[in-house]
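Pasting a structure here, questions to come.
Computation of the quantities below employed the complete heavy-atom set of this structure, encompassing side-chain atoms and omitting hydrogens, waters and symmetry-equivalent molecules.
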Amino acid sequence: HRLNTLLVQASAFDVRDVEAHLVPEATKRGIHIEWSHHNMGTWLPWDRYGVKHPEYYAVRDAVRTNDRAQQLCLCTSNPAVANEVARNIAQFCRDHPWAHTVGLWPNDGYGSCECDECAKLDRYSDEESREVAYYPGTDEAIPLTAVDRNKTNRYVRFLNDVAERLVAEQPDARLSALFYVDVVRPAPDEPLHPAIDPMIALYWRCSAHALFDESCPTNRWFASVVREWLDYAPGRVSFYEYYMGMDEYASLPFPIVDALRTDWQAYAGGEDGVRGIVGASIQSAASHHTAYGLNYALFAALAWDPNTDVDTFLDRWLEASYGPAARVAGEWWSALMNQMSDIAAGEGPDTHDASRPSCYTPVRLNFPALWDETGMARIGGMLDGAIDLPGMSHGQSARLDDLRTYHVYCVASNEAYRRELEARQYEANGGVLNDRKVALARAVVEGLDHIAEFTEQIDAQTIIFTKRIRHRLATFRRMWTK
């Protein structure tokens, strides 16, 4: 149905601001709004219920807690919880009829209630319930991805209980549900209520290859999960994509044009497509628009028309973004896109994913394979020379300046992560704690500090996600200062 829905993060925005500013503009354009994201806890706020009804909340370490890092943060076996959540969602729908769909997503974290009543409903032993997800044909576990059958059953039972109560009050209401990390597969024993729309998070997929590319050793696992969902909830399945690389990738460039083009042909369900997919959503933020604006814009174009001529789109996007500097900026982006295509074809440098060298997952240590130092140094000089080209609008000049700044960030990142690759290779080869290892670790820390210092010096509100990058850099640094 084209580009027709905005998913608003309920835990991050004031509904009054959304109603005052976003709703009128979305309504003009026929765009629906989904009030959603990691919002399970928002339907029973602790400051409203915690004192009188601590039994509504999940037990952790023998204590009822308001832990927002707990995936299923509520006591899902308690019928009063489902009743109160449904009542609050129904009231929200009455108060805000523009909310086309309302989410009941797990919080962004791990865990579920540890109380006896929740445990009684589990059908599997811990050993039977949990399954590590491996890349097909390897003994390499997929990061942050697994299967927990008991937790998935708990989540779907709770969704069903809420949906049943919700539609009794609001017959047209739709409930959005997110399945990700260790609840990514369909519930093995629970059918899904017809008022629930499942969204599947394709966390840690390969973006050098299309999702349904059978030759891709990374995506075969994700494609198999998608096909399970298409059998489980046909005609309701959509995807939650990470075209911005996630925090681990630290706002590094991620030009996934080839995969996007092929994926949307499949999603459209044409002759060679995969039928039953409703659509896809992306996580996006204006704070790293220079890094991922191309992905966002192409996503929008393909969502509107999966048959978009991508080459024509790229020409138009470059011209609109950079004006007279479009050719030079185009060289910068094309160099990365071509390198990604070579990696996917097995003709470029091997990525850090040793057992899958032609795959590209959003891990910072893959970035040096994407960055051709010699070629990008030449293009960086061309970007500097283009800043004085006549005829650029103020916006185009600003975007070119942002790209030049981003280029410097990429150069520094490439240097730091090459050093880290060297240090990791030394460890993998049995390197002992000696002067060599200490020197390698210090070089890594120096490289990370250089990136951090650079982010402090720039106004990066539309270039990179500085706040989260600094947090990740601090995490990386701690690993190497040990």
Original post:
Does NZ or CZ of R364 fall inside the cone over F476's six-membered ring, less than 6.0 Å from its centre and within 45° of the axis?
Top reply: yes
**OP:** Consider only side-chain N and O atoms of Q339 and D372, and report whether a donor and an acceptor are under 3.5 Å apart.
**Re:**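 No.
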Subject >> Steps toward salt bridge (Lys or Arg N to Asp or Glu O under 4.0 Å) verdict (R261, D258) >> reply: CA-CA 5 Å; R261 178 181 1 216; D258 291 341; 3.3 Å; yes
Original post:
Can you tell me if D342 uses its side chain to pair, donor with acceptor, with the backbone of E347 under 3.5 Å?
Top reply: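 Side chain of D342 to backbone of E347: no pair is present.
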Original post:
Looking only at side chains, do Y296 and H288 share a donor and an acceptor under 3.5 Å apart?
Top reply: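 Short answer, yes.
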Original post:
Hey, what's the ring geometry for W371 with F367, parallel, tilted or perpendicular (30° and 60° as the breaks)?
Top reply: tilted
Original post:
Between F299 and W264, what is the ring plane arrangement, given parallel below 30°, perpendicular above 60°, and tilted in between?
Top reply: perpendicular
Original post:
Taking only residues at least two apart or on different chains, which pairs with a member in residues 16-43 satisfy salt bridge (charged side-chain N to carboxylate O under 4.0 Å, His left out)?
Top reply: D14-R16, E25-K28, E25-R29
Original post:
For the residue pair H96 and W98, does the interplanar ring angle fall in the parallel (under 30°), tilted (30 to 60°) or perpendicular (over 60°) class?
Top reply: tilted
Subject >> Pair R60-T65, side-chain donor/acceptor within less than 3.5 Å >> reply: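 Side chains of R60 and T65: no pair found under 3.5 Å.
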Subject >> Atom pair CG/NE2 of N4 and H32 - distance to nearest 0.5 Å >> reply: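 Going from CG on N4 over to NE2 on H32, the span is 5.5 Å.
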**OP:** State, without any angle test, whether N307 and Q265 hold a side-chain donor-acceptor pair at a distance under 3.5 Å.
**Re:** yes
Original post:
After noting the C-alpha distance and the side-chain angles of Y110 and Q70, does the key distance pass the side chain to side chain donor-acceptor pair (under 3.5 Å) rule?
Top reply: CA-CA 5 Å; Y110 291 93; Q70 187 103 321; over 6 Å; no
Original post:
Does the salt bridge (Lys or Arg N to Asp or Glu O under 4.0 Å) test come out yes or no for R205 and D263, once each step is laid out?
Top reply: CA-CA 13 Å; R205 61 163 285 189; D263 280 350; 2.9 Å; yes
Subject >> Rounded distance [0.5 Å steps], CD in E373 versus SG in C410 >> reply: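 E373 CD to C410 SG: 12.5 Å, rounded to 0.5 Å.
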Original post:
Quick one: do E422 and R436 make a salt bridge, cutoff under 4.0 Å?
Top reply: yes
Original post:
Does R419 come within less than 4.0 Å of E415, counting only side-chain N to carboxylate O?
Top reply: yes
**OP:** Could you tell me how the ring of Y267 sits relative to the ring of F239: parallel (under 30°), tilted (30 to 60°) or perpendicular (over 60°)?
**Re:** perpendicular
Subject >> Spacing of E214 atom CD and R220 atom CZ [to the nearest 0.5 Å] >> reply: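 One gets 7.0 Å once the value is rounded to the nearest 0.5 Å.
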Original post:
Does the side chain of M199 reach to within under 4.5 Å of the side chain of S281, using non-hydrogen atoms?
Top reply: yes
**OP:** Look at the aromatic rings of Y249 and Y360 and report parallel, tilted or perpendicular, splitting at 30° and 60°.
**Re:**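 Geometry flag for Y360 against Y249: perpendicular rings.
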What side-chain donor-acceptor pairs closer than 3.5 Å can you find for residues 376-391, not counting sequence neighbours?
from : atom 1 : to   : atom 2 : distance (Å)
R378 : NH2    : E331 : OE1    : 3.4
D384 : OD1    : R404 : NE     : 3.0
D384 : OD1    : R404 : NH2    : 3.4

Original post:
Is there a donor in the side chain of W332 and an acceptor in the side chain of H407, or the other way round, less than 3.5 Å apart?
Top reply: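 W332 vs H407: donor-acceptor pair found between side chains.
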Subject >> Cationic N near anionic O, under 4.0 Å, R477 to E420 >> reply: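 No.
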Original post:
In Å and rounded to the nearest 0.5 Å, what is the OG1 to CD1 distance from T42 to I89?
Top reply: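 If we round to the nearest 0.5 Å, T42:OG1 and I89:CD1 are 8.0 Å apart.
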**OP:** Enter the distance from N66:CG to C73:SG here, rounded to the nearest 0.5 Å.
**Re:** 7.5 Å
Original post:
Can a donor-acceptor pair be found between the side chains of N39 and S11 at a distance below 3.5 Å?
Top reply: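 There is no such pair (donor and acceptor under 3.5 Å, judged by atom type) between the side chains of N39 and S11.
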**OP:** Please check if atom CZ in R227 has more than 12 non-hydrogen atoms from other residues, nucleotides or ligands closer than 6.0 Å.
**Re:** yes
Subject >> ring pair (Phe, Tyr, Trp, His ring centres under 6.0 Å) partner of Y242, chosen from F222, Y203, Y180 >> reply: Y203
